[in-house]
Number of protein chains: 2
Amino acid sequence: MNGIGFHSHDHKSCIFEAVKAAEEQCCRQGLQLTPVRKRSLEILLEEHRAMRAYDLLDRLAKDGFGSQPPVAYRALEFLTNNGFVHKIEKLNAFIACTHRESGHMPVFLICSQCERVSEIVLPEAEEIWSGVETTSGFSITTALLEIEGVCAACKVNTDK
Amino acid sequence: MNGIGFHSHDHKSCIFEAVKAAEEQCCRQGLQLTPVRKRSLEILLEEHRAMRAYDLLDRLAKDGFGSQPPVAYRALEFLTNNGFVHKIEKLNAFIACTHRESGHMPVFLICSQCERVSEIVLPEAEEIWSGVETTSGFSITTALLEIEGVCAACKVNTDK
DNA sequence: CTTGATATGTTATAAAATAACATTTAACAA
DNA sequence: TTGTTAAATGTTATTTTATAACATATCAAG
């Protein structure tokens with residue numbers, strides 16, 4: 001157990017489970033979790049933080065994959081399109097999804113001190129979205145919710 | 001009156017009022033709404049859409065201001081820091097604030113067909129944020145909420 | 001075995017943003 | 001008045017982020 005994210009968890013098994021789940025989902029949906037794509041997902045899961053595309057690219061290149069930008073961007077496109085990875089727009093960075101179970105609109109807490117990003121689920125938010133749809137006549141396809149601030153751990157540190 | 005945004009309004013007076021309000025706020029807070037900054041705000045208000053930094057830069061250059069990227073980015077930094085303009089992260093674009101009255105966390109509806117962006121206020125959302133703070137111990141400084149979809153007007157058009 | 005769709009790799013370039021530094025301006029103290 | 005400082009503007013150069021365009025490879029279906 002270690003303190004990645006904003007709370008502790010068994011990181012190795014979390015990676016293993018997530019990759020297995022991705023493989024199964026791809027199998028069911030006829031998607032190809034090719035070597036680059038799988039490795040990209042693994043790297044993002046291992047890092048367990050928001051990674052920039054070029055940092056992922058470096059890692060992929062070291063693992064013997066192509067070394068040019070499209071290699072990373074294409075893998076990321078596949079993974080984000082299929083919900084395995086999310087893009088954090090505020091950081092121009094990508095993070096592995098940690099809430100595969102829910103057909104959620106993801107919400108991210110971004111700590112500006114430690115730069116860690118935590119994905120949470122807010123069922124209340126879903127209600128708000130549907131309220132917006134009925135009152136405004138706007139049909140929602142995706143909702144991006146990025147909350148920036150200071151996480152509990154960093155608050156403790158700065159209080160000292 | 002015309003149909004900019006997702007609903008009609010008197011656009012000229014809206015610009016005039018917004019600039020006047022910005023001048024007053026700057027005066028009160030000891031901020032300098034210099035010529036480039038004021039002109040940038042005017043352009044964004046006139047356009048009434050999310051503009052990219054380089055498009056704003058072109059307009060500023062034509063008006064006799066500097067023609068290099070920092071000119072636009074610095075004006076935008078001032079305007080966003082002080083709440084006169086918001087950045088739409090999904091579009092890498094900037095839009096004039098249309099809800100100066102509220103000390104709001106802004107919410108944007110982005111139509112993927114007509115590319116128009118509408119700023120709304122969701123008081124319910126504010127409650128959710130404070131809920132997040134108490135349950136997670138995370139102190140929020142800013143919340144970014146960008147909703148993408150199809151606006152009412154475009155839905156009518158595509159239904160035809 | 002060839003056709004078509006998908007995926008991978010490359011080079012080249014576009015788009016978005018910032019660093020670093022010189023010059024200007026205005027407020028203010030000496 | 002002059003000198004000093006802080007803020008703002010301007011420039012060149014560079015970094016960071018992302019995509020276009022095209023060649024090659026892989027593999028299942030006809």
Side-chain angles (χ1 to χ4, degrees), chain A residues 22-23 26-27 29-44 49-82 84-95 115 117 144 146, chain B residues 22-23 26-27 29-44 49-82 84-95 115 117 144 146:
Chain A
E23 279 171 336
C26 286
C27 194
Q29 301 182 4
L31 302 170
Q32 298 188 52
L33 192 65
T34 60
V36 222
R37 292 169 177 174
K38 182 175 173 183
R39 187 69 196 120
S40 298
L41 178 59
E42 283 171 356
I43 291 169
L44 285 166
R49 62 180 175 98
M51 281 185 92
R52 289 171 301 170
Y54 279 71
D55 290 339
L56 172 65
L57 180 58
D58 285 345
R59 296 282 305 268
L60 291 173
K62 278 175 191 154
D63 288 353
F65 295 100
S67 61
Q68 300 306 315
V71 170
Y73 282 105
R74 286 196 286 232
L76 289 168
E77 185 185 24
F78 172 86
L79 294 170
T80 53
N81 283 345
N82 296 291
F84 302 123
V85 164
H86 299 293
K87 179 173 186 186
I88 309 297
E89 295 285 348
K90 277 214 176 187
L91 306 177
N92 289 326
F94 300 83
I95 193 164
E115 304 238 289
V117 176
L144 176 74
E146 297 177 3
Chain B
E23 280 170 335
C26 286
C27 193
Q29 301 182 2
L31 302 170
Q32 297 188 53
L33 191 64
T34 59
V36 222
R37 292 170 177 175
K38 182 175 172 183
R39 187 69 195 120
S40 297
L41 179 58
E42 283 171 357
I43 290 168
L44 286 165
R49 63 182 174 94
M51 280 185 91
R52 288 169 301 170
Y54 279 71
D55 290 339
L56 173 65
L57 180 59
D58 284 346
R59 294 283 304 270
L60 291 172
K62 279 175 191 156
D63 288 352
F65 296 100
S67 62
Q68 299 306 316
V71 171
Y73 282 104
R74 286 197 286 231
L76 288 167
E77 185 184 24
F78 172 86
L79 295 170
T80 52
N81 282 345
N82 296 292
F84 303 123
V85 163
H86 298 293
K87 179 172 185 186
I88 309 297
E89 294 285 348
K90 277 213 176 190
L91 305 178
N92 289 327
F94 301 83
I95 194 164
E115 305 237 290
V117 176
L144 175 73
E146 298 178 3

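Below, chains carry the letters A, B, ... as their sequence lines are ordered, and counting in each starts from 1.
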Identify the two heavy atoms, one from Ala72(B) and one from Ala53(B), that lie closest to each other, and give their separation to 0.1 Å. CB-O, 3.6 Å

N or O in side chain of Lys87(B) less than 4.0 angstrom from dA17(C) OP1/OP2: yes

Heavy-atom distance under 4.5 Å between the side chains of Ser40(B) and Leu60(B), does that happen here? yes

Can you tell me the distance, in whole Å, between the CD atom of Glu77(B) and the P atom of dA7(D)? 13 Å

May I have the distance from Leu76(B) (atom CG) to dA17(C) (atom P), rounded to whole angstrom? 9 Å

In whole Å, what is the span from the CD atom of Gln32(B) to the P atom of dA8(D)? 5 Å

Show me the pairs that pass side-chain hydrogen bond (donor to acceptor under 3.5 Å, both in side chains) and involve residues 66-81 of chain B, at least two apart or across chains. none

Of all of residues 33-43 of chain B, which get a heavy atom below 4.0 angstrom from DNA chain C, listed by number? none

By a strict heavy-atom criterion of less than 4.0 Å, which residues belonging to residues 56-64 of chain B are in contact with DNA chain D? none

For Phe94(B) versus Leu44(B), what's the shortest heavy-atom pair and its separation? O-CD2, 3.5 Å

Once base and sugar-phosphate atoms are separated, protein heavy atoms under 4.0 Å mark nucleotides 25-30 of chain D, 5' to 3', with B, S and - as ------

For dA17(C) and Asn92(B) - does any side-chain N or O of the residue sit under 4.0 Å from the phosphate oxygens OP1/OP2? yes

Once you round it to whole Å, what is the distance between C1' of dA18(D) and OH of Tyr73(A)? 5 Å

Applying salt bridge (charged side-chain N to carboxylate O under 4.0 Å, His left out), can you list everything that pairs with Asp63(B), at least two apart in sequence or on another chain? Arg39(B)

Quick one: pull up CG in Asn92(A) and CG in Asn92(B) and give me the separation to the nearest 0.5 Å. 6.5 Å

Per-nucleotide protein contact along nucleotides 23-28 of chain C, 5' to 3', at a 4.0 Å heavy-atom cut-off (B base, S sugar-phosphate only, - neither), is ------

Provide the closest heavy-atom pair for Leu57(A) versus Gly66(A) in the form atom of the first, atom of the second, distance. CD1-O, 3.8 Å

Hey, can you pull the donor-acceptor pairs under 3.5 Å for the side chains in residues 84-91 of chain B, sequence neighbours left out?
| residue | atom | partner | partner atom | Å |
| --- | --- | --- | --- | --- |
| His86(B) | NE2 | Glu119(B) | OE2 | 3.3 |
| Lys90(B) | NZ | Thr142(A) | OG1 | 2.9 |
| Lys90(B) | NZ | Glu148(B) | OE1 | 2.8 |

For the pair made of CZ in Phe78(B) and C1' in dT9(D), what is the distance, rounded to whole Å? 14 Å

Residues that Asp55(A) engages under side-chain hydrogen bond (donor to acceptor under 3.5 Å, both in side chains), provided they are two or more places apart: Arg52(A)

How would you list, by chain and number, every residue that makes a side-chain hydrogen bond (donor to acceptor under 3.5 Å, both in side chains) with Glu23(A), sequence neighbours excluded? Lys38(A)

Between dA8(D) atom C1' and Asn82(B) atom CG, what is the distance in whole Å? 14 Å

Should Gln32(A) and Arg37(A) count as side-chain neighbours, where that means a heavy-atom distance under 4.5 Å? yes

How far does CG of Asn82(B) sit from CG of Leu31(B), to the nearest 0.5 angstrom? 4.5 Å

So which atom in Ala50(A) and which in Ile95(A) form the shortest heavy-atom distance, rounded to 0.1 Å? N-CD1, 3.9 Å

What integer distance in Å separates Lys90(B):NZ from dA16(C):C1'? 18 Å

Can you tell me how far C1' of dA17(C) sits from CG of Leu91(B), to the nearest Å? 17 Å

Atom pairs under 3.5 Å: protein N/O with N/O of nucleotides 10-14 of chain C:
| residue | atom | partner | partner atom | Å |
| --- | --- | --- | --- | --- |
| dT10(C) | OP2 | Ser67(A) | N | 3.1 |

